[in-house]
Amino acid sequence: MTKSNIAERPAFGAILTMVAGSIDAYTFMLHGEVFAGLQTGNLILLGLNLGRGQFAISLRYALSLLAFFVGTILIRLLQRSHQLRDNDKRRRQMILAYEFSLLIIVAFLGKYLPNLLATSILSIAAAAELQEFRKLAGGPFTPLMMTGNLRTLAETSFDSIVYHEAAAKSKFKTTALIMITFALGASIVAILIPIAGTWTILFPAVLLAIAWSLIYFNAD
């Protein structure tokens with residue numbers, strides 16, 4: 001893989017999934033048990049609470065879904081702009097910086113923001129990451145949704161062990177790395193929150209800064 005494709009390398013994808021796991025754990029633990037990026041979970045919780053008649057609680061999940069929707073459209077506008085459509089490096093730097101800025105806002109104002117607003121900001125940030133970074137090692141990739149990765153893990157483990165397929169073994173390693181780092185991001189946030197409180201969001205912010213640097217210093 002060429003240097004220009006650094007954003008598709010497993011190590012880079014691992015950073016993004018750690019960010020995704022961190023943000024979801026952060027909003028779940030500190031902002032009303034809502035996921036910023038894992039919208040399947042929010043949709044389930046929305047349905048459950050609507051079924052129970054708990055409409056005020058349902059609003060949390062509905063707003064996160066709406067914020068993620070809006071966040072995706074914002075990045076799509078950027079992707080379709082004439083200036084950035086064919087400039088992957090510059091566009092990705094801008095999107096990572098944009099996501100980083102949203103996390104910094106929550107870090108400094110997290111104690112004062114209502115849960116609904118803090119989660120909405122982070123849902124917009126999560127949408128940016130998911131919309132832009134969609135390939136890993138030449139294949140489709142999502143830093144948020146682990147169900148498909150679990151299926152891939154099962155499939156590739158079977159094919160590599162039973163049929164000794166080298167490609168399956170390589171994909172198994174990549175998928176396992178992605179799943180482990182997602183869980184690791186959530187675990188680190190759980191450890192940091194009792195110590196740092198709302199400032200814990202700086203952990204994924206630092207990871208985004210590292211991702212930005214990797215793209216910036218990567219040769220065209």
Any side-chain to backbone donor/acceptor pair from Lys89 onto Asn218? Under 3.5 Å, distance only.
yes

Evaluate side-chain contact (heavy atoms from CB on, under 4.5 Å) for Ser81 paired with Arg91, printing each intermediate quantity in order.
-> CA-CA 10 Å; Ser81 68; Arg91 186 183 67 249; over 6 Å; no

Inset, instruction - Could you tell me whether a side-chain N or O of Asp159 sits under 3.5 Å from a main-chain N or O of Ala168, the two making a donor and an acceptor? - result: no

Hey, does the side chain of Ser170 reach the backbone of Ala167 with a donor-acceptor pair shorter than 3.5 angstrom? no

Value for CD1 (Ile193) from OG1 (Thr200), rounded to nearest 0.5 Å, stands at 5.0 Å

So, Thr119 versus Thr27: side-chain donor-acceptor pair below 3.5 Å or not?
-> no

*Would you indicate whether the side-chain heavy atoms of Val106 and Tyr26 approach each other to under 4.5 Å?*
yes

d(Ile6 CD1, Ile215 CD1) to nearest 0.5 Å is 7.5 Å

Check your understanding: Between the side chain of Glu33 and the main-chain N/O of Leu30, is any donor-acceptor distance below 3.5 Å?
Key -> no

Practice prompt. Is it possible for you to say whether Leu103 and Phe133 belong to one hydrophobic cluster, with membership spreading through side-chain heavy-atom contacts below 4.5 Å?
Written response: yes

Residue Arg85 excluded, over 12 heavy atoms near CZ under 6.0 Å: yes

Exam field: side chain Gln79 to backbone Gln131, donor-acceptor pair closer than 3.5 Å | yes

Q) Going only through I, L, V, M, F, W and Y residues with side-chain contacts under 4.5 Å, is there a path from Leu207 to Met29? A) yes

Does any donor atom in the side chain of Gln93 or Arg90 lie under 3.5 Å from an acceptor atom in the other side chain?
-> no

Heavy atoms of Ala190 and Pro194 approach each other most closely as O-CD, 3.2 Å

In terms of hydrophobic clusters joined by side-chain contacts under 4.5 Å, are Phe172 and Ile161 together? no

Would you check if Leu202 and Ile104 make a side-chain contact, meaning some heavy-atom pair closer than 4.5 Å? yes

Evaluate the side-chain contact (heavy atoms from CB on, under 4.5 Å) criterion for residues Ile121 and Leu113: first the C-alpha distance (whole Å), next the side-chain angles of each, then the deciding distance (0.1 Å), finally the verdict. CA-CA 10 Å; Ile121 292 171; Leu113 293 174; 4.1 Å; yes

What one should report as the nearest heavy-atom pair of Leu59 and Leu116 is CD2-CD1, 4.2 Å

Are any side-chain N or O atoms of Asn42 and backbone N or O atoms of Tyr61, one a donor and one an acceptor, separated by less than 3.5 Å?
no

Q.
Within the 4.5 Å heavy-atom criterion, are Phe69 and Leu65 side-chain neighbours or not?
A. no

**Request:** State, with a plain yes or no, whether a side-chain heavy atom of Thr72 is found less than 4.5 Å away from one of Leu130.
**Result:** no

Within the structure provided, determine whether Glu129 and Ile75 are in side-chain contact (heavy-atom separation under 4.5 Å). no

The single option from Thr156, Leu153, Leu136 that satisfies side chain to side chain contact (heavy atoms under 4.5 Å, CB included) with Thr174 is Leu136

query: With distance as the sole test, does Ser64 use its side chain to make a donor-acceptor pair with the main-chain N or O of Arg60 at under 3.5 Å?
result: no

To the nearest 0.5 Å, atom CD1 of Ile201 lies from atom CD1 of Ile23 at 5.5 Å

Margin query: Ring-plane angle category for Phe35 and Phe28, please: parallel below 30°, perpendicular beyond 60°, tilted otherwise.
Written below: parallel

Worksheet item: Are Leu50 and Phe55 close enough that some pair of their side-chain heavy atoms sits under 4.5 Å apart?
Response: yes

